[in-house]
Protein chains: 2
Amino acid sequence: MVLSKACTYGILASLYVARESSRSNGYVSIGKMSEKLHISFHFLTKILQELTSAGLLTSMKGPKGGVALKRDAGKITLLDIIIAIDGMKVFTECLLGMPGCGTEKPCPVHDEWAEIREDLYETFRSKTLGETVQKIEELDLRFALPELFDR
Amino acid sequence: MVLSKACTYGILASLYVARESSRSNGYVSIGKMSEKLHISFHFLTKILQELTSAGLLTSMKGPKGGVALKRDAGKITLLDIIIAIDGMKVFTECLLGMPGCGTEKPCPVHDEWAEIREDLYETFRSKTLGETVQKIEELDLRFALPELFDR
DNA sequence: TATATTTAAGACCAAATACTCTTAAATAAA
DNA sequence: TTTATTTAAGAGTATTTGGTCTTAAATATA
Ligand code: SF4
Ligand code: SF4
């Protein structure tokens, strides 16, 4: 698996928050979100805390509390989320897991792997939450586990 | 990490076996191989057992025993090794870990991910152990952990 | 045939990841 | 100001992956 489970949940949740705030603006409840996305509340909370401390979300406690995007949805990319949760290693790690190996004395699959890694990076870097949510609405794409949130 | 540790070790070991048999033909000792590649003997043994039961290697017990390629090095691809150890899931799995999601109602990154996955598959499918070993010799590439085997 | 060598098999242990639970702190609203 | 609600923090548990160790079986060779 390229991304950790926590990271994929983080992406799905961020998209959910971006989508909700584009409608109702205000804080999005983690409890409600966890039900809609079918992700364990406590686990999701912890993941969102990472995004908050990374400066991508803000949170508020108490009734009507929850999380919200800190920047505009058009200014946060999927890459931002991934780096905050899994780190850059996703895009720098070696395919064959060799330490200290690089371009000077590469292994036989380095060139292809470096290119694929670059493609992945570019894919995430070029997608903002805003654009992605828009695409989801337009094309009726899915971004939740089995049952998509009702409406 | 795209490939499991076991899988990367399996690839490195297969290349080692292919390289050795191109010189000395006969069985390659797992003990010696584990020293040269700096991989734990017992762990390596277990991995090679998987490759043996997958029909990629043959083994022989006793003095002068070890493992050898079952088919010609030009007839075994890196993909064969990967499928034997990690399975096809490497190339079919969803980037966002969504179950039962496919092309009919895809998520916003499906197209890019499907293409990247396909590139990866093609990279491994197109590389035989034979060709790869040849490339290693010609270009003096590395395929062992820190210390490459001495000669 | 006896012995040393080597893989096979599987139990076992360790570390990382995934997930849960409890308690505390903040805050909105009654 | 009291209470209900909600996130924060961190301890605790489960599962998966990575790795070790022990014992058995095969076989070459002395
Ligand atoms: S050369 Fe191969 S082994 Fe080395 S970093 Fe690149 S992909 Fe990894
Ligand atoms: S559409 Fe997205 S979530 Fe669904 S299988 Fe493809 S990559 Fe995964």
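Fair warning: this is a prediction, and the values are worked out from it, not measured in the lab. Quick note: numbers below take in every heavy atom, side chains included, and nothing from hydrogens, waters or symmetry partners. The sequence lines fix the lettering, A, B, ..., with proteins before strands; numbering per chain opens at 1.
The two residues A/Glu112 and B/Thr123 have their closest heavy-atom pair at CB-CG2, 3.6 Å. Nearest heavy atoms, A/Leu96 versus B/Thr8: O-CB, 3.6 Å.
Evaluation of the side chain to side chain donor-acceptor pair (under 3.5 Å) test over residues 72-88 of chain B, restricted to residues two or more places apart or in two chains, returns B/Ser4-B/Asp86, B/Arg71-B/Asp80, B/Thr77-B/Asp80.
In this structure the side chain of B/Tyr27 never reaches within 4.5 angstrom of the side chain of B/Val17, judged on heavy atoms. In this structure, B/Phe91 and B/Arg125 have side chains that are not in contact, with every pair of non-hydrogen atoms separated by 4.5 Å or more. Between A/Phe124 and B/Leu95 the shortest side-chain heavy-atom distance falls below 4.5 Å.
Side-chain N/O atoms of B/Lys46 and base N/O atoms of D/dG19 include a donor-acceptor pair closer than 3.5 Å.
One finds no side-chain N or O of A/Ser59 lying less than 4.0 angstrom from the OP1 or OP2 phosphate oxygen of D/dT7. For A/Thr52, no side-chain nitrogen or oxygen approaches OP1 or OP2 of D/dT7 to under 4.0 Å. The side chain of B/Ser4 places no N or O atom within less than 4.0 Å of a non-bridging phosphate oxygen (OP1 or OP2) of D/dT17.
B/Ile39 has its CD1 atom 13 Å from the P atom of D/dG18, to the nearest Å. Computed from coordinates, the B/Ile85 CD1 to D/dT16 P distance equals 20 Å when rounded to whole Å. One interatomic measurement links the two molecules: CD1 of B/Ile30 to C1' of D/dA26, which rounds to 14 Å at whole-angstrom precision. Note: NZ (B/Lys70) to P (C/dT7) measures 17 Å, nearest angstrom. When rounded to the nearest whole Å, the span between CZ of A/Phe43 and P of D/dA11 equals 17 Å. Atom CE of A/Met33 is separated from atom C1' of D/dT7 by 11 Å (rounded to the nearest Å). Counting to the nearest Å, the P atom of C/dA9 and the CD atom of B/Glu50 are 12 Å from each other. Atom NZ in B/Lys5 sits about 10 Å away from atom C1' in D/dT17, given to the nearest Å.
Taking only side-chain atoms of B/Phe41, from C-beta outward, the nucleotide of D/dT7, C/dT20, C/dT7 with the closest atom is C/dT7.
Contacts of B/Glu131 classified as salt bridge (Lys or Arg N to Asp or Glu O under 4.0 Å), with partners at least two apart in sequence or in another chain: none.
No contact: B/Tyr27 has no heavy atom under 4.0 Å from any strand.
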Sugar-phosphate or base contact per nucleotide [nucleotides 22-30 of chain C; S, B, -; heavy atom under 4.0 Å]:
B--BBBBS-
